[in-house]
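Below: one structure, written as structure tokens.
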Amino acid sequence: MITSEIFNNKSVITFENVNKLNFLNIDEIVVCLKRKLEETKKDLYLDLTGIRFIDSSASGKLIAIHRFANSINRKFRLFNASKELREIFLYTGISKKLYFADIREVFENQDQEYRVTYL
């Protein structure tokens, strides 16, 4: 399940009961991410808490979402990546194509706005 929350004009996407992003689930996830970018007109932050593995198919599609976000003048950032995921991104060069946000950037002044939706 994917949950979307709005914090200070940012869409924050989190996963429940998902521990990997791969060719089996990434297409559905990408459709949701793209729809969020188009519908909400907000920057998109993807919480990787609990994600232990991302395959090459998922990595490529996340890069495509990043490019799409840039094309419509929005940010797409990852945050809360495990040490293992950060190492994978570093060694494969993906970290040069995807950007990570600090948790403080995501939730600064969070008491101003809050909404939960389910995709």
Side-chain angles (χ1 to χ4, degrees):
M1 173 181 273
I2 301 172
T3 302
S4 172
E5 301 172 292
I6 305 297
F7 291 98
N8 296 325
N9 209 28
K10 298 170 188 157
S11 291
V12 178
I13 306 297
T14 57
F15 299 105
E16 292 180 27
N17 300 320
V18 176
N19 62 5
K20 56 187 163 188
L21 302 179
N22 60 24
F23 70 97
L24 296 173
N25 64 7
I26 195 62
D27 288 332
E28 181 181 353
I29 291 167
V30 165
V31 167
C32 292
L33 297 177
K34 188 173 181 184
R35 187 175 64 220
K36 269 295 177 194
L37 282 166
E38 291 172 332
E39 291 176 355
T40 64
K41 310 289 188 219
K42 298 178 185 323
D43 294 334
L44 188 62
Y45 291 79
L46 185 62
D47 186 353
L48 297 177
T49 299
I51 303 297
R52 299 184 178 273
F53 176 76
I54 297 179
D55 72 5
S56 60
S57 174
S59 297
K61 294 197 178 192
L62 291 177
I63 291 168
I65 284 292
H66 169 72
R67 289 182 180 144
F68 175 72
N70 281 343
S71 75
I72 59 173
N73 296 317
R74 299 229 184 31
K75 292 180 187 175
F76 175 65
R77 301 288 187 261
L78 308 175
F79 72 102
N80 280 341
S82 68
K83 180 181 175 185
E84 294 82 8
L85 278 183
R86 284 184 177 267
E87 287 176 356
I88 290 170
F89 289 148
L90 179 66
Y91 294 134
T92 60
I94 294 169
S95 61
K96 294 177 182 176
K97 298 178 183 193
L98 291 173
Y99 297 101
F100 291 90
D102 185 276
I103 191 89
R104 292 169 295 201
E105 176 186 339
V106 179
F107 295 109
E108 64 187 352
N109 302 319
Q110 69 175 337
D111 57 344
Q112 292 179 4
E113 185 177 358
Y114 180 78
R115 183 180 70 202
V116 176
T117 57
Y118 294 96
L119 305 177

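All figures in this text were calculated on a predicted structure; none of them were measured in a lab. Numbers for residues simply follow the sequence, beginning at 1.
When all heavy atoms of Lys42 and Asn9 are compared, the closest pair comes out as NZ-OD1, 2.8 Å. Phe89 and Ile54 make their closest contact through CZ-CD1, 3.6 Å (heavy atoms, listed as atom of the first residue, atom of the second, distance). Across all their heavy atoms, Phe7 and Glu5 have their closest contact at CE1-CB, 3.5 Å. When all heavy atoms of Val18 and Phe15 are compared, the closest pair comes out as CB-CB, 3.8 Å.
Taking the centre and axis of the six-membered ring of Phe68, the NZ or CZ atom of Lys34 falls inside the cone set by 45° and 6.0 Å. Remark: Arg86 qualifies as a cation-pi partner of Phe100 under the 6.0 Å distance and 45° angle criteria applied to the six-membered ring. A cation-pi arrangement is present between Lys10 and Tyr45, with the terminal nitrogen or guanidinium carbon under 6.0 Å from the aromatic centre and inside a 45° cone about the axis.
Atom CD1 of residue Ile26 and atom OG of residue Ser59 lie 8.5 Å apart, to the nearest 0.5 angstrom. How far NE2 of His66 is from CG of Leu98: 6.5 Å, rounded to the nearest 0.5 Å. Of the inter-residue distances, the one linking Leu44 atom CG with Ser4 atom OG reads 7.5 Å to the nearest 0.5 angstrom. Distance check: Ser57 OG to Asp27 CG gives 6.5 Å after rounding to the nearest 0.5 Å. Here OG of Ser95 is found 11.5 Å from CD of Glu87. Values are rounded to the nearest 0.5 Å. The distance from atom OG1 of Thr40 to atom CD1 of Ile6, rounded to the nearest 0.5 Å, is 5.5 Å.
One side chain, Glu16 or Thr3, offers a donor N or O that lies under 3.5 Å from an acceptor on the other. When only modelled atom types and interatomic distance are considered, Thr49 and Asn80 share a side-chain donor-acceptor pair under 3.5 Å.
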Step-by-step side-chain contact (heavy atoms from CB on, under 4.5 Å) determination, Ile29 to Ile2 | CA-CA 8 Å; Ile29 291 167; Ile2 301 172; 3.7 Å; yes

Just do the side-chain contact (heavy atoms from CB on, under 4.5 Å) check on Val30 and Ile65 with the steps written out, would you?
-> CA-CA 7 Å; Val30 165; Ile65 284 292; 3.8 Å; yes

Given side-chain contact (heavy atoms from CB on, under 4.5 Å), test Leu21 with Asp55 step by step and report yes or no.
-> CA-CA 7 Å; Leu21 302 179; Asp55 72 5; over 6 Å; no

Stepwise side-chain contact (heavy atoms from CB on, under 4.5 Å) check, Leu46 with Phe76 | CA-CA 8 Å; Leu46 185 62; Phe76 175 65; 4.0 Å; yes

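When hydrophobic clusters are built by joining Ile, Leu, Val, Met, Phe, Trp and Tyr residues whose side-chain heavy atoms come closer than 4.5 Å, directly or via intermediates, Phe53 is not grouped with Phe23. Ile63 and Leu33 fall within the same hydrophobic cluster, where Ile, Leu, Val, Met, Phe, Trp and Tyr residues are linked whenever their side-chain heavy atoms come under 4.5 Å apart, directly or through other members.
Under a 3.5 Å cut-off, the side chain of Asp43 and the backbone N or O of Lys75 do form a donor-acceptor pair. Checking side-chain atoms of Arg74 against main-chain N and O of Ile72 turns up a donor-acceptor pair under 3.5 Å.
Residue Glu105 qualifies as enclosed at atom CD: its count of foreign heavy atoms under 6.0 Å is above 12.
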